[in-house]
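Report on the following structure.
Chain identifiers are assigned alphabetically (A, B, ...) following the order of the sequence lines, protein sequences preceding nucleic acid strands; residue numbering begins at 1 within each chain.
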2 protein chains.
Amino acid sequence: MTPATSTQSELAAGSDAAPVPKGLSQTQRAVRDLREMIVNNHLPPGSNYLETELAEMLGMSRTPVREAVIVLESQGLVESRPRRGVRVLPLSARDMEEIYEVLTELEAHAAERAASAPIKAADREAVETALRDMDLALAGDDREAWAQADKRFHDLLVQLAGNGRLTAIVDSFNDQVHRARMLTVRLRPSPTKSNQDHRDLFNAILAGDAAKARALHVRHRTEAKNLIIGLLESHGFHQV
Amino acid sequence: MTPATSTQSELAAGSDAAPVPKGLSQTQRAVRDLREMIVNNHLPPGSNYLETELAEMLGMSRTPVREAVIVLESQGLVESRPRRGVRVLPLSARDMEEIYEVLTELEAHAAERAASAPIKAADREAVETALRDMDLALAGDDREAWAQADKRFHDLLVQLAGNGRLTAIVDSFNDQVHRARMLTVRLRPSPTKSNQDHRDLFNAILAGDAAKARALHVRHRTEAKNLIIGLLESHGFHQV
DNA sequence: GTGTGTGTTTATGTATACGTAATAATATGC
DNA sequence: GCATATTATTACGTATACATAAACACACAC
């Protein structure tokens, strides 16, 4: 779900090649599987697990589990508390606000940047496809497909900015709110306006109107945030 | 597959107190000490260390060292490569660009936010002190003291935005460029203009002019970035 | 000299061992 | 019954053990 970005410069010595690992290490597997289980709500927010339990669940010893937990902790998905186990972090409305604030800012900046440079044909095509998929999903009222295409659209825009660190942060924060989005995507009204927003935004980018792209993105994300938080509260969720 | 100890969230329960650890764990100590050594250039960029070496340096076994390395890796300070040891990541001009791009955006946003809310007297006082310290350091031409007060000023502004996640990212990115800043702070011309920038910026915040605060901050950081990158290049550093 | 094969060394990934501090359980006193 | 002291349990932090695969060295063929 979150591909690690490789934006690292190699030292002057051109000696080093990429250290390609053939099969995933246990730690990497643990990170992947645990993240997958957390963002897809298989490990519910607020639940606790002992290291031993996780190790048994994943069929490995405690060592790689501990290492994976550190990674996930740094991504804000879990919290490891001395003797109470590893806790899947729930999101409060306040957490959502914080995350969306950063997300809005960085994504809007990416949109601004994308508008300031010419778009490669392949990139443009990929975005157009995402837009079409969103319309298709909307027509068929397939909310999961819509959410997936929506994510793809926003991810592509961020990548257009060409800043690996920015992409990494956005990916990580998106993971953190994924649960809330999937929960509300079925509760919200049909995202017709959202699709229109996307088109307007991309048009602004294509037109090279950076200021408009930024403004549209900020508005789009702000509305999305308010919608999600409102839905969660009106349905009685104080934590997700 | 053992079920979770308590698959039920202990949400509402205000039962939990802060899990205060009396003495740092070895892992925490390793994180603190290694970070300290890295940002202060005691472990030079590009240098490699075997886990065993670090363990010996820190007087502990490999286990906590490995855990610390994972943390520092997630903060972009080191890279652990399969059989080549832990490498202190050097920063290229491109890396600086990426980091400053995120930093500029998030700090400018923080300034904008700070301008949109009333400032508490204590906060205002703290910022004023930082400003005074910068002037004092400038008068005495104490570059280290100036850099320290400058950092304090910017940190305070970010905290005024009241977003913990934003603060965490900015802190982490500041760590990554700390080396470069300290290296150039002695090479750059006297930061007279910088001090004036700071005052103008803070005045805009106090006046509640969010747009101006943002614009000033963007300009300030952009100039700082160009200054640093220019200095590094003109002095022949391609990596720091 | 260049390339290939074989043996050796060793850094790492992972499992396991183990002491300790925190929690739970039990007993004791009032 | 409730509070406190005492003991037992156990989850974790850390050290250690160990197998494996990568890097290295060296021999050999051409």
Check: How would you list, by chain and number, every residue that makes a salt bridge (Lys or Arg N to Asp or Glu O under 4.0 Å) with A:Glu98, sequence neighbours excluded?
Finding: A:Arg94, B:Arg165
Notebook entry, point to check: What is the distance, rounded to the nearest whole Å, between atom CG of A:Leu54 and atom P of C:dA15?
Noted result: 14 Å
Next item on the list: Round to the nearest Å and state the distance from A:Glu73 atom CD to D:dC12 atom C1'.
Entry: 14 Å
Next item on the list: Could you pull out all residues at least two apart from A:Glu73 that satisfy salt bridge (Lys or Arg N to Asp or Glu O under 4.0 Å)?
Entry: none
Margin query: I need a per-nucleotide contact map over nucleotides 7-14 of chain C, read 5' to 3'. Cutoff is protein heavy atoms under 4.0 Å; write B for the base, S for backbone only, - otherwise.
Written below: ----BBBB
Next item on the list: Could I get the full list of salt bridge (Lys or Arg N to Asp or Glu O under 4.0 Å) partners for B:Glu144, not counting sequence neighbours?
Entry: B:Arg186
Next item on the list: Please report, rounded to the nearest Å, how far the P atom of D:dT14 is from the CD1 atom of A:Ile70.
Entry: 10 Å
Exercise answer: donor-acceptor pairs, residues 57-65 of chain A side-chain atoms, under 3.5 Å, sequence neighbours excluded:
from	atom 1	to	atom 2	distance (Å)
A:Ser61	OG	A:Thr63	N	3.4
A:Arg62	NE	A:Glu51	OE1	3.1
A:Arg62	NH2	A:Glu51	OE1	3.2

Item checked: Partner set under salt bridge (Lys or Arg N to Asp or Glu O under 4.0 Å) for A:Glu125, not counting sequence neighbours -> A:Arg132
